Amino acid sequence: MPKFRSQLLLEEQIFLYDVWRIAATDQIMPSRSAFSICAIGSLLPYLSLVEFCGQQLSPKVRLTGSGLRDVFGDNPSEILTKTGIAGSLDTIRAVANAKIPMAGAVQLDGSNRVRVWLRLPLGQNGCVEQVLGLDLSVAGSRAPKWAFEQVLQRVK
């Protein structure tokens with residue numbers, strides 16, 4: 001997964017991904033109990049945790065950080081469970097099915113701000129039980145314009 005890591009735009013994404021990989025040790029993904037929230041305390045306001053009940057892919061939002069309302073501009077739990085929104089339900093289901101992390105960026109309506117997201121599977125015995133999400137809203141100046149354009153093209 002070194003290629004995936006190299007495609008991440010923000011230091012926060014790289015940090016969370018590295019903590020996730022360390023927690024996974026030699027597994028394809030870490031379990032929720034192996035993943036320590038203490039290690040990522042500064043990111044808590046921007047995290048979400050979506051849980052899958054049994055074999056069904058009907059998710060239940062278990063956690064939405066206090067900063068996500070500012071990122072999404074609305075109720076984060078509702079947005080995370082809607083289809084047709086990058087990083088939301090379609091992506092969360094894809095992460096659960098493929099058992100791999102996914103990341104992307106979405107231009108926010110009529111501004112130079114971009115919502116940058118990361119989705120990481122958590123589970124055991126090859127079964128995804130939860131998907132951990134990180135969503136940040138950043139100004140285009142936070143990363144070079146060419147980097148955002150490249151990410152936006154990959155997402156489309």
Side-chain angles (χ1 to χ4, degrees), residues 1-24 27-37 39-109 113-138 148 150-156:
M1 292 204 191
K3 182 179 177 185
F4 178 80
R5 186 183 189 276
S6 70
Q7 294 174 352
L8 299 175
L9 275 179
L10 303 176
E11 292 174 20
E12 294 91 339
Q13 288 179 302
I14 294 168
F15 174 69
L16 181 59
Y17 177 75
D18 288 347
V19 171
W20 179 83
R21 284 297 317 146
I22 290 167
Q27 305 296 311
I28 60 170
M29 72 187 109
S31 67
R32 171 60 191 94
S33 60
F35 191 85
S36 173
I37 294 294
I40 56 169
S42 61
L43 297 178
L44 283 176
Y46 306 100
L47 294 181
S48 60
L49 187 65
V50 177
E51 184 175 84
F52 294 95
C53 305
Q55 294 298 325
Q56 294 180 336
L57 288 183
S58 56
K60 186 171 193 170
V61 178
R62 288 285 184 200
L63 166 78
T64 56
S66 59
L68 290 180
R69 187 170 288 279
D70 292 335
V71 172
F72 288 110
D74 203 352
N75 181 343
S77 294
E78 285 182 22
I79 292 176
L80 288 168
T81 56
K82 285 185 179 178
T83 58
I85 300 172
S88 291
L89 186 58
D90 299 328
T91 304
I92 292 166
R93 284 183 173 153
V95 168
N97 286 330
K99 302 173 186 163
I100 59 171
M102 294 184 180
V106 179
Q107 185 93 37
L108 297 175
D109 296 332
R113 299 199 64 78
V114 174
R115 179 175 59 89
V116 179
W117 54 268
L118 173 65
R119 300 291 179 262
L120 302 168
L122 299 173
Q124 47 194 345
N125 302 324
C127 180
V128 176
E129 298 165 347
Q130 299 168 322
V131 174
L132 179 67
L134 171 68
D135 289 88
L136 299 164
S137 171
V138 297
F148 278 118
Q150 217 173 23
V151 169
L152 289 170
Q153 283 180 345
R154 280 196 309 260
V155 172
K156 289 181 183 177

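Not measured: the values here are computed from a predicted model.
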Starting from the C-alpha separation in whole Å, work towards a yes-or-no answer on side chain to side chain contact (heavy atoms under 4.5 Å, CB included) for L47 and L16.
CA-CA 10 Å; L47 294 181; L16 181 59; 4.0 Å; yes

Nearest heavy-atom pair of R21 and I28: which atoms, and what distance?
NH1-O, 3.9 Å

I want to check something: taking the side chain as every heavy atom from C-beta on, are W20 and P121 in contact at a cut-off of under 4.5 Å?
yes

CD1-CG distance between I40 and L132, expressed to the nearest 0.5 angstrom:
5.5 Å

Output, in order, the C-alpha distance, side-chain angles, deciding distance and verdict of side chain to side chain contact (heavy atoms under 4.5 Å, CB included) for L68 and D135.
CA-CA 7 Å; L68 290 180; D135 289 88; 3.7 Å; yes

pair Q130-L63: side-chain heavy atoms closer than 4.5 Å:
no

Can you tell me how far apart CG (N97) and CD1 (I92) are? Round to the nearest 0.5 Å.
12.0 Å

Report yes or no: does R115 contribute a side-chain atom to a donor-acceptor pair with the main-chain N or O of F72 at less than 3.5 Å?
no

Nearest heavy-atom approach of L118 to Q13 is CD2-O, 3.7 Å

Distance (rounded to the nearest 0.5 Å) between E51 CD and K60 NZ
8.0 Å

CG on L8 to CG on D18, rounded to 0.5 Å
8.5 Å

Any side-chain heavy-atom pair of L134 and Y46 under 4.5 Å:
yes

Could you check if a side-chain atom of P30 sits within less than 4.5 angstrom of a side-chain atom of L122, using non-hydrogen atoms only?
yes

Nearest heavy-atom approach of R5 to Y17 is CB-CE2, 3.7 Å

Between T81 (side chain only) and S77 (backbone N and O only), is there a donor and an acceptor less than 3.5 Å apart?
yes

Closest heavy-atom pair and its distance - T91, A86
OG1-C, 4.1 Å

With a 4.5 Å cut-off on side-chain heavy atoms, are F4 and I100 touching?
no

Does the side chain of P59 come within less than 4.5 Å of R93's, by heavy atoms?
yes

Once rounded to the nearest 0.5 Å, what's the spacing between atom CG of L89 and atom CD1 of I79?
13.0 Å

What pair of heavy atoms forms the shortest contact from M29 to G126, and how long is it?
CE-C, 4.1 Å

Exactly one of V131, V71, L80 should register a side-chain contact (heavy atoms from CB on, under 4.5 Å) with S48. Which one does?
L80

Decide yes or no for R32 and L49: does some side-chain heavy atom of the first lie under 4.5 Å from some side-chain heavy atom of the second?
yes

dist S137:OG -> R113:CZ (nearest 0.5 Å) comes out at 3.5 Å

For F15 against A39, the heavy-atom pair lying closest together
CZ-O, 3.2 Å

